[in-house]
A.B. asks: 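Shown below is the structure under consideration.
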Amino acid sequence: MTNRRFSSAPVTLVVAGATPPAPCLPANRPPRRLDAGAVNAALTRGTTGRRRVTRTPLTENPQPDRDRPSAEAQSPGPLPEFLLVELHRVYEAGVLRAALRTVAPEAGADALWERTVDGPDGLDRLLAELGRSLTTGSRMRALLVDDRRGGPRRLFLGIAAGPSARAVRLVAELREALAQPPEPVTVPTSALQREMLRQVIGRSDHAGRHVEQLSWNWHGPLDTERFTAAWQSVFDHETVLRAAFDWDEHEGGDPWLVLHEHAAPEVVRHPHGTVGWDELLEADRLRGFDLRRPALLRATLLDSGPHDDPADDSADGPSEGPHDGEQTGAADDSPATRVLLTYHHAMLDGWSVRLLLQSFYRAYLTGGVLPGGERRPDVRDHARWLDTQDPEAARQFWATRAAATAVLPLTPDPARHGSGRARRRLTPYEAVRLRGWAAAWGAGESSALQAAWALLLYRSALSREQRRPARAVRVGFAVTVSGRGIPLDGIGRLPGALRNPLPITVRVHPSTTVPQLLAALRDGVLDLASYEWVSPGQAHRWNATPRGQRPHSLIVLEHQPSAPHHLRLETDLAAHGIHVESPVPNGTFTSYPITLAAHYDATGGLVLTTTHDRALLADRDAAELLSQSAHLLRSFPDLPSGLTTTEVLRTTLAGQPAPGTPVSGGAAGDPADAPAVRLDVLRRATRPGAGWVLLLPPPGAPHTRYPTAADAWPGPQALAVLRPVLGDPPPVAYRPLLTPLLESRTPVALVAPPGTGLTAFEIARLGSPAPPPLVVLLPDTPDLSTPDLSTLGHLLAPHLDRP
């Protein structure tokens, strides 16, 4: 960011209450001069008297005309007196804002106004508003004006009434501050942010990942200029909205946060009929963000037609009879505008955006101006708190947690890419019954949702085994914690990327009852409360055991922050003929193969939304998981409390296929036909059709070393481990996972360490009609459990890389 030198060209000075001398604007200035009478009229609008406005050089000491009656005698109320200076150089907004805060720190976030004028009297009204704002105690404010008709930008300084010598001094101080702008403030990123950024920086397959969306309907008039000004005021007050990420692409290291002095919100309004709602949602999500630029939140408005029903497509995905279709609120015949907020989860979470919405509504009601200064605490205070934490207690906690031995099985489909989404809904009656049933057992609906998911994972784990008696299984998945349970004053009102997915495991036995499962999950989540600041990567490293597995699924229950002034905001909006519905999350494409998110709609229904990675989980399995989860939640209140896990599954899901189990060659879910091998994906392919490199682990090798080694993989291919579920399965057990990869006609390499070469060749000769995989035998090394993936990638490149 470069600074322009302060201009010594003539300036324009307007003083309320003085006699106008000859104009001092240079001849080469824009054609429209300041109209002293128009500014004076704007200042005195609503009164019976008139004020005179004077143009004079800055060096002249303006004196009021003592022969004229005073302004107080002419008008029924006091009018502001101020000095108005027009600079003939326009500085960059960020540099100007920082300099103004140095000279007039009392102005706070309102030190600089950026406005667009349209119409013959728009500038006069803005200048009058600038003068009135100086009566609140600020010595100086600036106004940066864009002319909608295409004229040049103009910069005005408003200086509170006083001797012109003070005005000269303030302008000199501003010149000095502009010549020496402050260095940008940098803040360390959290471990959670660093992990999310590693999943998107430099990756070609990250489109839309970690981009979240909230949408709702706005009934009544919506002024786009006022809407934008209100968001600008929120941006000025919230440090996190003026933050961006930066990193060194050559030296590596961790990214960091850069806090900018200014950021402008992006607000785009589409007229009715120019774009479809579903098309807009998808395109805006895939567009993503430039993480190096501030304002990682934007707003899009879509006007609806006179006969449109804004709730028609608020829910989508496969149909499920009468339970589908999310109702966003009562019918409203007033004109509606759909509002879409898109933001990046590495900077904000859903709780934060709802906090910001409350501030936005207050700003909209006050004409686009939000009083007060920057919010504290902010991201700087949170980073400072994180820096004081000793990780030893958290490391000990996770080291003593039992690791998961069964997670959601993946069913990769190399021919597909991108994300899939589906939605189901429990009616308000069903949601109330579920909530009351869970409360009777001392738990919440989040525990019920987790219990249903744990039962599905348990059923899938048993279905994939070679025939054997039912046994206890420790299933694992991830749940979100708010990240706001830490002892930092004001953390509940702090916007940032605090919502955190942490792994949880629960032991499911054939004799376990659902109330026992509820209690175990409730207690497990409560145990996480002291360590909400730990990232999922840290938790997995500290919890590493030879049989431990990373979770393949995430469960989210969306909560809204308490809003003590919410009813008053609704009443004030209604006074302007405005009704706004509750914002609805549209599902998030996370780093997990599947995410199940639940939220309550305006009518009290519980909406379940899944988003999944189609390259790792087939659409059929994702749909089954969602449908069976909803079915279990509806069934829980009617089940006898003494039913065991086996009896519950037999009662509720009999005849329905277990996700991840092939349906060909036998009955759906028949354990005899289920494979005994799972596919653990370590790195996704960087481009479609790049192929797969499959590692066969050596006997007895600790599997936890593979995720760390995967960071050194240089190729574009997906990297995965073919891991036996139990014992030493025969080669035919690998067929269900290997066949779809080979039939996709993408290159596949099977990497075998010493001692597994014969098994690798038998797996390669499974009789598939597709070309067999390339078999690579590794040499003897001191540590077979950590292959040199960097060297391996370069050796395989000539055989696997295709344009």
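Owing to the predicted nature of the structure, the values given are computational and were not obtained by experimental measurement.
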A.B. asks: Would you mind reporting whether Leu777 and Phe761 have side-chain heavy atoms less than 4.5 Å apart?
C.D. replies: yes

A.B. asks: Are Arg484 and Asp349 ion-paired here, with the side-chain N under 4.0 Å from a carboxylate O?
C.D. replies: yes

A.B. asks: Which atom pair, heavy atoms only, marks the closest approach of Trp437 to Ala448?
C.D. replies: CZ3-CB, 4.1 Å

A.B. asks: Give, for atom CG of Asn543 and atom CZ of Phe397, the distance between the pair rounded to the nearest 0.5 Å.
C.D. replies: 9.5 Å

A.B. asks: Check whether the side chains of Tyr600 and Glu445 place a donor and an acceptor atom closer than 3.5 Å, and report yes or no.
C.D. replies: yes

A.B. asks: Does the side chain of Arg425 come under 3.5 Å of the side chain of Thr603 through a donor N or O and an acceptor N or O?
C.D. replies: yes

A.B. asks: I'd like to know if the side chain of Glu647 and the backbone of Thr644 have a donor-acceptor N/O pair within less than 3.5 Å.
C.D. replies: yes

A.B. asks: Mark yes or no for whether Arg421, through its side chain, and Asn586, through its backbone, hold a donor-acceptor pair below 3.5 Å.
C.D. replies: yes

A.B. asks: I need the minimum non-hydrogen distance between Leu643 and Val648, along with the two atoms involved.
C.D. replies: CB-CG2, 3.8 Å

A.B. asks: Out of Thr609, Thr590, Thr610, Asp613, which one pairs with Thr595 under the side chain to side chain donor-acceptor pair (under 3.5 Å) rule?
C.D. replies: Thr590

A.B. asks: Backbone N or O of Ala346 within a donor-acceptor pair of the Gln193 side chain at under 3.5 Å?
C.D. replies: yes

A.B. asks: Determine, step by step, whether Leu696 and Val721 satisfy the side chain to side chain contact (heavy atoms under 4.5 Å, CB included) criterion, reporting the C-alpha distance in whole Å, the side-chain angles of both residues, the deciding distance to 0.1 Å, and the verdict.
C.D. replies: CA-CA 6 Å; Leu696 288 176; Val721 180; over 6 Å; no

A.B. asks: Between Ala404 and Thr505, what is the shortest heavy-atom contact and its length?
C.D. replies: N-CG2, 3.5 Å

A.B. asks: Could you walk me through whether Val475 and Val506 pass side chain to side chain contact (heavy atoms under 4.5 Å, CB included), step by step?
C.D. replies: CA-CA 6 Å; Val475 299; Val506 63; 3.7 Å; yes

A.B. asks: Taking atom NE2 of His631 and atom CG of Leu456, what is their separation to the nearest 0.5 Å?
C.D. replies: 10.5 Å

A.B. asks: Quick one, Val525 and Ile504 - any side-chain contact, counting heavy atoms below 4.5 Å?
C.D. replies: yes

A.B. asks: Can you find a side-chain donor-acceptor pair between Thr512 and Arg507 that sits under 3.5 Å?
C.D. replies: no

A.B. asks: For a quick test of reading the model, state the closest non-hydrogen atom pair linking Tyr458 to Pro510 and the distance between them.
C.D. replies: OH-CG, 3.3 Å

A.B. asks: Is there a donor in the side chain of Trp453 and an acceptor in the side chain of Ser553, or the other way round, less than 3.5 Å apart?
C.D. replies: yes

A.B. asks: Just so I know, are the side chains of Leu608 and Leu449 near enough to count as touching, which here means a heavy-atom distance under 4.5 Å?
C.D. replies: yes

A.B. asks: What is the distance from atom CG of Leu457 to atom CD of Gln450, rounded to the nearest 0.5 Å?
C.D. replies: 11.5 Å

A.B. asks: Does a donor on one side chain and an acceptor on the other come within less than 3.5 Å for Glu195 and Gln199?
C.D. replies: no

A.B. asks: Measure the OG-CD distance between Ser641 and Gln516 for me, rounded to the nearest 0.5 Å.
C.D. replies: 10.0 Å

A.B. asks: Is there a donor-acceptor pair under 3.5 Å between the side chain of Arg435 and the backbone N or O of Gly444?
C.D. replies: no

A.B. asks: Under a 3.5 Å distance rule, please check whether His509 uses its side chain to pair with a backbone N or O of Ser511 as donor and acceptor.
C.D. replies: yes

A.B. asks: Identify the two heavy atoms, one from Trp542 and one from Pro391, that lie closest to each other, and give their separation to 0.1 Å.
C.D. replies: CH2-CB, 4.0 Å

A.B. asks: Has the side chain of Ser629 got a donor or acceptor atom that lies under 3.5 Å from a matching backbone atom of Leu625?
C.D. replies: yes

A.B. asks: If every non-hydrogen atom of Leu778 is compared with every non-hydrogen atom of Pro753, which pair is closest and at what distance?
C.D. replies: CB-CA, 4.1 Å

A.B. asks: Any chance you could measure His552, atom NE2, to Leu617, atom CG, to the nearest 0.5 Å?
C.D. replies: 10.5 Å

A.B. asks: Under a 4.5 Å cut-off applied to non-hydrogen side-chain atoms, are Arg424 and Ser627 in contact?
C.D. replies: yes

A.B. asks: Take Ser419 and Arg285 through the side chain to side chain contact (heavy atoms under 4.5 Å, CB included) test and state the conclusion after the steps.
C.D. replies: CA-CA 11 Å; Ser419 63; Arg285 183 180 65 83; 3.1 Å; yes

A.B. asks: Does the side chain of Arg209 come within less than 4.5 Å of His345's, by heavy atoms?
C.D. replies: no

A.B. asks: Can you confirm whether Ile555 sits close enough to Tyr592 that some side-chain heavy atom of one is under 4.5 Å from a side-chain heavy atom of the other?
C.D. replies: no

A.B. asks: Take Glu430 and Arg433 through the salt bridge (Lys or Arg N to Asp or Glu O under 4.0 Å) test and state the conclusion after the steps.
C.D. replies: CA-CA 5 Å; Glu430 293 168 338; Arg433 292 187 70 226; over 6 Å; no

A.B. asks: Heavy atoms, side chains only, cut-off 4.5 Å: are Leu695 and Leu722 in contact?
C.D. replies: no

A.B. asks: Verify the distance criterion only: is there a donor paired with an acceptor across the side chains of Asp621 and His612 at less than 3.5 Å?
C.D. replies: no

A.B. asks: Could you state the interatomic distance from CZ (Arg634) to OH (Tyr429), rounded to the nearest 0.5 Å?
C.D. replies: 13.5 Å

A.B. asks: Start with the C-alpha distance between Leu455 and Leu649, add both sets of side-chain angles, then the distance that settles side chain to side chain contact (heavy atoms under 4.5 Å, CB included), and finish with yes or no.
C.D. replies: CA-CA 8 Å; Leu455 287 174; Leu649 293 175; 4.1 Å; yes

A.B. asks: Is the shortest side-chain N to carboxylate O distance from Glu532 to Arg499 below 4.0 Å?
C.D. replies: no

A.B. asks: Is it the case that the side chain of Trp351 and the backbone of Gly492 share a donor-acceptor pair, with hydrogens and angles ignored and the cut-off at 3.5 Å?
C.D. replies: yes

A.B. asks: Is the shortest side-chain heavy-atom distance between Leu517 and Val508 below 4.5 Å?
C.D. replies: yes

